[in-house]
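Notes follow once the structure below has been shown.
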2 protein chains.
Amino acid sequence: MSAASTPEPSRRDELLAIAARLFAEKGFKNTTVRDIADAAGILSGSLYHHFDSKESMVDEILIPFQDRLFGQYDEILASDDDARTKLERAVRVSFEAIEQHGPEVAIFQNDADYLGTFERFGYLADRNTQSRQVWVTLIEEGVRTGVLRPDLDVTLTYRFIRDTVWVAVRWYQPGKGHTHTEVADQYVRILLDGISS
Amino acid sequence: MSAASTPEPSRRDELLAIAARLFAEKGFKNTTVRDIADAAGILSGSLYHHFDSKESMVDEILIPFQDRLFGQYDEILASDDDARTKLERAVRVSFEAIEQHGPEVAIFQNDADYLGTFERFGYLADRNTQSRQVWVTLIEEGVRTGVLRPDLDVTLTYRFIRDTVWVAVRWYQPGKGHTHTEVADQYVRILLDGISS
DNA sequence: CACCATACCAAGCAAATGCTTGGTAGGGTG
DNA sequence: CACCCTACCAAGCATTTGCTTGGTATGGTG
C-alpha cells in the first residue's frame with residue numbers, strides 16, 4: 001500500500017532519524033533517552049527493544065553517512081579533473097551533505113571530540129585524519145599545478161576551507177533562503193578568488 | 001610578596017578561570033560542579049560559598065568579556081579608517097580575543113544556543129544580533145565605498161567571515177605554531193583577496 | 001488453533017548531578 | 001580576649017539519567 005518511491009522506513013530507521021535530529025539540536029550527551037522516546041511517542045525503556053544503548057544509536061547514525069561521504073571524496077581524488085575542479089567538487093559535495101544529511105554533519109562537527117574519548121568511537125579520529133588528507137592533497141595538487149597561489153600556508157588554508165564549509169551546518173536550513181547549490185557557488189567564488197593565482 | 005605586575009587574583013577569579021577552561025573544553029552542561037571543584041582541589045559544595053549557582057559562574061565569565069570585545073568593535077566602527085582597514089581591524093581584534101580569552105570565546109560559540117533557552121541569558125541573543133550588525137555594517141560600507149565587490153551577497157559574506165574567524169577557537173592554541181597575528185594576516189589575505197574589487 | 005516475532009508498557013534501580021545545611025579552621029581587628 | 005570574615009569540609013537530599021526486567025497486545029504463519 002505504500003508508495004513505491006519511499007520503501008516504508010522501518011521503525012528502527014524512524015527512531016534513528018528522530019534521535020539524529022535531537023542529537024544535532026542539543027548535543028549527544030545533552031539529549032536523554034527520554035527525549036528521544038517522547039519525540040517518538042513511546043516510553044524510554046522501549047528504545048532498548050530496538051537498540052543496545054544510546055551510543056549504538058549514534059554509531060548507526062554516523063557510520064553509514066561517513067561511508068557515503070568519504071566514498072564521494074575518494075571518487076573526486078581519483079578523477080581526471082584538474083585541481084581547481086576537484087576542489088570545487090569537494091566543496092559542492094560537502095554542501096550537498098549538509099543539505100541531505102544535516103543532522104549527521106552536525107553531530108560529527110559538535111560531538112566528535114566528546115565521543116572520541118570512548119575507544120568505541122576511535123574511528124571518528126581516523127575519519128578526521130582522512131578528511132584532512134583529502135583537503136591537503138587537493139590544496140597541494142593545486143599549488144603544484146599552478147592553480148593556487150604558491151605562497152599558501154597549506155595547513156592554515158586547509159583549516160580555513162574545512163571550517164568555512166562545515167560550520168555552515170549551523171545556520172543552513174534546507175528549503176529556506178538559498179539552495180545548497182547557490183551557497184556553494186558563493187562560497188567557491190569567495191574562496192577561489194582569494195586562493196587562485 | 002606577590003609581583004606587582006600580577007595583582008594577586010582573588011580565589012573567586014581563580015575558580016572562575018578553572019570553570020571557564022572546563023566549560024570551554026567539555027561544554028557548560030557537560031561540566032559538573034564536581035569537575036570544577038576537583039580541578040580546584042576543593043569539594044563541590046564549597047563552590048557555593050563563592051557563587052550562587054553554576055549559571056551565575058558562566059554569567060560572570062561571559063559578561064565582562066563581551067563588554068570588552070564589543071567596546072573594541074564600537075571603537076573601530078566609530079573610527080575614521082577606510083572600510084578595508086576597519087574590516088581588517090575587526091578581524092584582528094577577533095583573533096586577539098581568541099588568543100587572550102579563548103575559553104570565553106569557545107563558551108560563547110558552543111553554548112550560546114543552549115544557554116539562550118533560559119531567560120537569564122537573553123543577553124546572549126542580543127550580543128549575537130549586535131555582532132551581526134557590526135560585520136554587516138562593515139561589509140556594506142565596504143561595498144558602498146567601492147572597496148569590496150558590488151555583487152557580494154551581504155548576508156552570506158557575513159556568515160562566511162563570522163564562521164571563519166570564530167571557529168578558529170577550535171584549533172588555535174596560544175604559543176603553539178603561529179601567533180594570532182600571523183594567523184590573522186593569513187586569514188585577512190585569503191579573505192580580502194577574494195572580497196576586494 | 002498453537003506458536004512466535006515485533007513493538008511496546010510499567011516499574012524501578014544505581015549512579016550522577018545541582019545544590020543545601022550545619023559546622024570548622026585560621027587569620028585579622030577592636 | 002572576644003568577635004568576625006573568608007574559605008572550606010562532611011553529609012546528604014531531590015531529581016535526572018541510562019538501562020533492566022518481566023510482562024502484554026497485535027499480527028502473521030505453520
Side-chain angles (χ1 to χ4, degrees), chain A residues 1-2 6-62 107 110-111 114-121, chain B residues 1-2 6-62 107 110-111 114-121:
Chain A
M1 212 57 70
S2 65
T6 49
E8 187 95 24
S10 69
R11 186 64 171 141
R12 258 181 90 85
D13 292 340
E14 285 179 16
L15 295 173
L16 280 179
I18 290 169
R21 181 172 51 80
L22 291 174
F23 289 157
E25 275 174 18
K26 321 200 307 175
F28 174 75
K29 179 133 190 202
N30 220 340
T31 302
T32 72
V33 293
R34 282 171 182 80
D35 288 337
I36 302 169
D38 284 353
I42 60 178
L43 290 183
S44 66
S46 304
L47 284 175
Y48 291 83
H49 166 71
H50 300 275
F51 307 99
D52 285 342
S53 66
K54 197 176 131 183
E55 290 181 12
S56 76
M57 297 185 76
V58 77
D59 242 354
E60 291 195 44
I61 290 166
L62 289 179
I107 295 167
N110 296 328
D111 289 316
Y114 169 70
L115 293 174
T117 61
F118 305 96
E119 324 77 32
R120 163 168 204 169
F121 294 101
Chain B
M1 211 58 69
S2 64
T6 48
E8 187 94 28
S10 69
R11 187 63 171 140
R12 257 182 91 84
D13 293 339
E14 286 179 16
L15 295 173
L16 280 179
I18 290 170
R21 183 171 50 79
L22 291 174
F23 289 157
E25 276 173 17
K26 322 202 304 176
F28 174 74
K29 178 132 191 204
N30 223 336
T31 302
T32 72
V33 292
R34 283 171 182 79
D35 288 337
I36 301 170
D38 284 353
I42 61 178
L43 291 182
S44 65
S46 305
L47 284 175
Y48 292 83
H49 166 70
H50 300 276
F51 307 98
D52 285 342
S53 64
K54 198 176 129 183
E55 291 182 11
S56 77
M57 298 185 77
V58 76
D59 241 353
E60 289 196 45
I61 289 166
L62 289 178
I107 295 167
N110 297 329
D111 290 316
Y114 169 71
L115 292 174
T117 61
F118 304 96
E119 323 76 34
R120 164 169 203 170
F121 294 101

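Side chains are part of it too, since the values below use all heavy atoms of this structure and drop only hydrogens, waters and symmetry mates. Convention: sequence-line order gives letters A, B, ...; per-chain numbering from 1.
- Along DNA chain D, the nucleotide nearest to A/Ser46 and the one nearest to A/Asp35 differ in position, and the one closer to the 5' end is contacted by A/Asp35.
- Protein atom CD1 of A/Ile42 is 16 Å distant from nucleotide atom P of C/dT6, rounded to whole Å.
- Rounding to the nearest 0.5 Å gives a distance of 9.0 Å between CD1 of B/Ile36 and CD1 of B/Ile18.
- Shortest non-hydrogen contact noted between A/Met57 and A/Leu15 is CE-O, 4.4 Å.
- Rounded to whole angstrom, the span from the CD1 atom of A/Ile36 across to the C1' atom of D/dC19 amounts to 13 Å.
- Phosphate contact (OP1/OP2 of D/dC8, side-chain N/O of B/Arg11, threshold under 4.0 Å): present.
- Among residues two or more places apart in sequence or in another chain, the salt bridge (Lys or Arg N to Asp or Glu O under 4.0 Å) test is passed with A/Asp35 by A/Lys26.
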query = So what's the dot-bracket for DNA chain C: Watson-Crick or G-U pairs under 3.5 Å, [ ] if a pair crosses, | if it pairs off-strand?
reply = ||||||||||||||||||||||||||||||
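- Contacts between residues 47-57 of chain B and DNA chain C, counted as heavy-atom distances below 4.0 Å, involve B/Tyr48, B/Ser53, B/Lys54.
- Residues satisfying the side chain to side chain donor-acceptor pair (under 3.5 Å) test with B/Arg120, not counting sequence neighbours, are B/Asp59.
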Polar pairs (N or O, both sides) under 3.5 Å between protein and nucleotides 24-27 of chain D?
none

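- The ring-ring contact (aromatic ring centres under 6.0 Å, His included) check on A/Phe121 picks up nothing, with sequence neighbours excluded.
- Under the rule for a ring-ring contact (aromatic ring centres under 6.0 Å, His included), A/Phe51 has no partner lying at least two apart in sequence or in another chain.
- The shortest heavy-atom contact between B/Leu22 and B/Ala39 is CD1-CB, 4.1 Å.
- Taken from CZ in B/Phe23 to CG in B/Asp111, the straight-line distance is 8.5 Å, to the nearest 0.5 Å.
- Atom CZ in B/Phe28 sits 10.5 Å away from atom CG in A/Asn30 (nearest 0.5 Å).
- In this view, A/Ala24 and A/Pro103, A/Ala106, A/Ile107 satisfy the side-chain contact (heavy atoms from CB on, under 4.5 Å) rule, not counting sequence neighbours.
- A/Asn110 places none of its side-chain heavy atoms less than 4.5 Å from the side chain of B/Asn110.
- Judged as a side chain to side chain donor-acceptor pair (under 3.5 Å), not a single pair has a partner in residues 43-57 of chain B (not counting sequence neighbours).
- No side-chain heavy atom of B/Asp38 sits under 4.5 Å from any side-chain heavy atom of B/Leu43.
- Atom pair B/Arg120:CZ and C/dG18:C1' shows a separation of 14 Å (rounding to whole Å applied).
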Distances for protein N/O vs nucleotides 11-13 of chain D N/O pairs under 3.5 angstrom?
none

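- For residues 10-22 of chain B, the set of pairs meeting the salt bridge (charged side-chain N to carboxylate O under 4.0 Å, His left out) definition, not counting sequence neighbours, comprises B/Arg11-B/Glu14, B/Arg12-B/Glu60, B/Arg21-B/Glu25.
- Atom CZ of A/Phe118 is separated from atom P of D/dG18 by 12 Å (rounded to the nearest Å).
- Atom CG of A/Leu43 is separated from atom C1' of D/dG22 by 15 Å (rounded to the nearest Å).
- Contacts between residues 13-32 of chain B and DNA chain D, defined by a heavy-atom separation below 4.0 Å, involve no residue at all.
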